[in-house]
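All remarks here apply to the structure that follows.
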Amino acid sequence: DTMYITIHPDPLAEINIDTNYATTNCAPFTIDPNVISAGIYLNANDTYTWYIEDTNGVIIVGPITGTIPPTHTMPNDADAVTVYLIATNNDSCTADTASMVFITVGDPVALFDTTNLNGCHPFQPNINSLSDPGLIHEWFIDGTIYTPTDPLILDYLFTNTSNTNIQTYQVQLVVQAGGSGGLPCTDTIINTVTVYPKPFADFNPTIGNQCAPACDDLIDASIYNTSATIIWNWTITGTPNGLPATPTTSNSQDPNICFPDNQSGTDVDYNIELIIEDTYGCKDTAIQNIIIYTRPIANFSIVDTGCGEITYTPIDSSQNAVVWNWTSTPSNPIFPATIVDPWMPTPAITFPENTTNTAIIYTIQLEVTSVDSCTDTTTQTVTIYPTPEVTFTASDTSGCDSLQILFTNNSDPFNGENISSMTFEWIIDGTPIPAGTNLTHIFTNSGVASIIYEVILNGWTSHGCTDSDT
């Protein structure tokens with residue numbers, strides 16, 4: 001005997017939502033066959049019954065029989081409904097129920113802080129979203145999506161590689177409420193971010209490194225937005241301190257800076273800083289250094305008076321010198337001095353005899369040069385007094401024993417001086433005879449032959465210049 005037993009499947013209720021939709025949406029939202037559908041199981045299900053309840057459990061749609069779901073519109077925000085599907089079969093198996101909740105939310109509002117949308121390159125304004133933080137945020141820069149670290153703060157770094165032109169960016173914030181399907185609620189705000197160009201600070205000294213004292217023009221070579229107002233801020237500081245430039249600050253575009261004399265033996269390194277700033281507060285800094293070399297110190301000593309011909313050797317006491325150059329300039333060009341080895345620290349300078357009737361003044365100049373080709377000059381004078389004219393006459397030049405002769409001194413010291421300023425020495429036959437300017441002397445001869453006496457007059461000026469007559 002054979003018996004067949006049939007076990008029928010239980011009904012299966014299944015609600016499917018289209019992938020283009022979500023269960024949370026903005027009002028008004030319509031539930032219809034485009035949004036949901038029933039799972040069809042031909043062997044398990046024979047009847048499909050739909051109904052929709054509100055939040056109070058009140059049926060607001062249905063029951064409706066069939067595989068096609070009902071249509072219902074949710075017109076208000078913050079509403080919720082539950083869609084039910086009951087599946088049964090003709091085999092008296094236990095019915096099955098499926099449900100799906102749909103919610104409507106308020107419309108989102110896209111809003112972000114616009115108080116800081118203009119700035120200088122590089123510009124990172126960190127724009128804060130003022131929208132509901134529970135919304136989905138998407139940021140776009142010139143149409144390209146950008147994902148910040150914090151979705152509520154746009155941390156994008158805006159740049160402008162030009163030094164002259166303004167660059168703008170379009171910033172877009174899209175906020176989304178509800179699901180991520182075909183009917184999410186969105187709002188969009190768009191604004192412009194302006195990035196001003198950063199100027200490029202640059203300048204060129206006309207001369208640069210040089211010897212003290214010196215002045216230099218600082219020529220601005222900056223690149224900047226010519227439509228903006230520009231401010232130049234110059235600062236000049238020297239190291240070591242103590243020798244400040246003039247001026248130490250300036251707002252001129254091309255200032256003239258003067259550096260003081262320096263004979264300290266140490267070069268001064270001047271730091272030249274230029275800060276250029278435009279109307280929008282964009283700025284840049286350029287720094288250069290100018291070295292102002294210390295000058296040597298020329299100095300020497302030399303005997304400052306004399307009678308020619310005479311040779312003097314100056315004593316050099318210059319500092320920081322590596323090159324020497326000696327020159328001599330006489331007040332009377334007919335009597336030049338001679339300098340042997342004028343490039344040496346201690347040359348020999350020969351002054352000729354002064355045969356004029358006035359003193360000759362020689363200006364001795366020493367120019368010294370440092371290792372950096374800086375120079376210093378100093379002068380001293382040497383006075384060469386004229387050689388005097390010593391001469392005398394005798395009241396008689398021959399006679400007999402015990403002849404008294406008066407010698408009259410007619411010397412001239414020149415240089416506008418009187419004979420009384422001179423010192424004299426009378427010598428008869430090699431023997432100095434005490435006397436003053438003039439001399440009276442008795443000559444004797446007790447022998448039988450004539451005697452010739454030699455009479456010499458030596459004379460010195462107050463300057464030590466000498467001459468004699470016989």
Side-chain angles (χ1 to χ4, degrees), residues 3-111 129 131-138 140 145 151-152 172-189:
M3 181 180 291
Y4 294 95
I5 298 172
T6 302
I7 305 299
H8 300 286
D10 288 334
L12 177 62
E14 180 180 276
I15 302 175
N16 299 316
I17 187 168
D18 190 276
T19 56
N20 292 320
Y21 296 92
T23 57
T24 302
N25 297 276
C26 299
F29 176 68
T30 299
I31 304 169
D32 61 21
N34 293 318
V35 178
I36 58 176
S37 61
I40 305 300
Y41 298 97
L42 298 177
N43 294 325
N45 301 334
D46 293 307
T47 304
Y48 298 84
T49 303
W50 300 85
Y51 66 94
I52 300 175
E53 286 184 354
D54 63 14
T55 54
N56 296 317
V58 177
I59 296 176
I60 56 176
V61 177
I64 297 174
T65 300
T67 57
I68 299 175
T71 297
H72 174 68
T73 298
M74 304 171 69
N76 301 317
D77 295 337
D79 194 6
V81 297
T82 304
V83 177
Y84 291 94
L85 171 62
I86 301 173
T88 60
N89 60 24
N90 297 328
D91 301 308
S92 300
C93 297
T94 302
D96 188 33
T97 301
S99 65
M100 183 173 291
V101 178
F102 286 88
I103 298 172
T104 57
V105 295
D107 293 333
V109 177
L111 187 64
S129 168
S131 298
D132 185 339
L135 300 174
I136 297 172
H137 284 63
E138 284 188 324
F140 296 84
I145 192 168
L152 301 181
Q172 179 181 7
L173 171 61
V174 177
V175 291
Q176 174 180 305
S180 58
L183 292 177
C185 309
T186 61
D187 191 32
T188 300
I189 183 173

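Atoms considered below: every heavy atom in the structure, side chains included; atoms not considered: hydrogens, waters and symmetry mates.
Looking only at distances, no side-chain donor or acceptor of D187 sits under 3.5 Å from a matching main-chain atom of D107. The backbone N or O of D10 lies less than 3.5 Å from no partner atom in the side chain of N89, so there is not a single donor-acceptor pair. Checking side-chain atoms of D79 against main-chain N and O of T104 turns up no donor-acceptor pair under 3.5 Å. A donor-acceptor pair under 3.5 Å links the side-chain atoms of S129 to the main chain of S131, judged by distance alone. Judged by distance alone, with hydrogens and angles left aside, the side-chain atoms of D91 form no donor-acceptor pair with the main-chain N or O of C93 at under 3.5 Å. Although no hydrogens or angles enter the test, the distance criterion places no donor-acceptor pair under 3.5 Å between the side chain of D32 and the main chain of T71. Side-chain atoms of N56 do not come within 3.5 Å of backbone N or O of V58 as any donor-acceptor pair. Of the possible polar contacts, none joining the W50 side chain to the G62 backbone as a donor-acceptor pair under 3.5 Å is found.
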* Before giving the answer on side-chain contact (heavy atoms from CB on, under 4.5 Å), spell out for I17 and T23 the whole-Å C-alpha distance, their side-chain angles and the decisive distance to 0.1 Å. => CA-CA 8 Å; I17 187 168; T23 57; 3.9 Å; yes
Check against side-chain contact (heavy atoms from CB on, under 4.5 Å), F102 and I52: CA-CA 10 Å; F102 286 88; I52 300 175; over 6 Å; no
- Starting from the C-alpha separation in whole Å, work towards a yes-or-no answer on side-chain contact (heavy atoms from CB on, under 4.5 Å) for T47 and T65. CA-CA 7 Å; T47 304; T65 300; 3.9 Å; yes
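Residues V35 and D18 form no side-chain contact, since every pair of their non-hydrogen atoms from C-beta on lies 4.5 Å or further apart.
For I68, the CD1 atom counts as loosely surrounded, since its 6.0 Å shell holds 12 or fewer non-hydrogen atoms of other residues, nucleotides or ligands.
Using cut-offs of 30° and 60° on the angle between ring planes, the pair F29 and Y21 is tilted.
In this structure, M74 CE and I103 CD1 are separated by 8.0 Å, a value rounded to the nearest 0.5 Å.
Here the closest heavy-atom approach between residue P69 and residue I36 is recorded as CG-O, 3.3 Å.
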